[in-house]
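Atoms within each ligand, like the ligands themselves, are counted from 1 in listed order.
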Amino acid sequence: MATLRLGDTAPDFEQDSSVGRIKFYEFVGNKWCVLFSHPADFTPVCTTELGYTAKLLNEFHERDVEVIALSVDSAESHNQWIKDIESTQHTEVRYPILADVDRKVSTLYDMIHPNAIATLTVRSVFIIDPNKKVRLILTYPASTGRNFDEILRVIDSLQLTDKHSVATPANWEDGDDVIIVPSLKDESVIRQKFPKGYKEVLPYFRVTPQPKT
Ligand code: BEZ
């Protein structure tokens, strides 16, 4: 399997998990999905990551996003570890953790980087849209916990920019001004699409209030 790239179709799979057998496409249905791997159960950084994501789960669901975690540990191990996550991070883990013991999914999604960690998954994140297209790929080292607020921010940007002819600037947050895509040049179309008006910073750089989602 060649390395996945943005715009590729996310491969379907069937795998065990902390909540039983999961058929990926069936589980996600026509929603968005965040699929993320962590190196191993019973490790501290992973404990904080999975706990923080559990606390954000309603935020993901409000955006129509399913969350699925993965490591190469067993479902039994996941369920033992979930008790530690819940007691130390003061939350409830209400999303599945794939038990990728045979490394089927990690291989499909290229989550094992042998020159970084020989046999375990690194910290990968995939955002997959309702058409099953890969829209974001992140890879973090084992020693650095990820910023899951950033994952939500990217989802907000993707969902906004899919609907309107805009892009989002550096460090954009929901509600901030956005950028009109440079390919949109027709003045009358711009006025119709962006009735709140726009400011021309440079001929190729036009800023407008965020359209309603
Ligand atoms: C951790 O989650 O704490 C961790 C996992 C693998 C290597 C280093 C840290």
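Annotation: side chain to side chain donor-acceptor pair (under 3.5 Å) contacts involving residues 84-93, sequence neighbours excluded, are absent.
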Would you mind listing each N/O atom of ligand 1 next to any protein N/O under 3.5 Å, plus the distance?
unit_1: ligand 1; atom_1: 2 (O); unit_2: Thr43; atom_2: OG1; d: 3.0
unit_1: ligand 1; atom_1: 2 (O); unit_2: Val45; atom_2: N; d: 3.1
unit_1: ligand 1; atom_1: 2 (O); unit_2: Cys46; atom_2: N; d: 2.9
unit_1: ligand 1; atom_1: 2 (O); unit_2: Arg123; atom_2: NH2; d: 3.0
unit_1: ligand 1; atom_1: 3 (O); unit_2: Pro44; atom_2: N; d: 3.2
unit_1: ligand 1; atom_1: 3 (O); unit_2: Val45; atom_2: N; d: 2.7

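By the 6.0 Å and 45° rule, Lys132 stacks over the aromatic ring of Tyr25.
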Do Phe36 and Phe126 pass the ring pair (Phe, Tyr, Trp, His ring centres under 6.0 Å) test, and can you show the C-alpha distance, the side-chain angles, and the key distance before you say yes or no? CA-CA 6 Å; Phe36 71 104; Phe126 293 85; over 10 Å; no
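Here Phe148 and Tyr52 keep their ring centres 6.0 angstrom or further from each other. Ring pair Tyr95/Phe60: centre-to-centre distance not below 6.0 Å. Within the 6.0 Å centre-distance limit, the rings of His38 and Trp81 are counted as a close aromatic pair.
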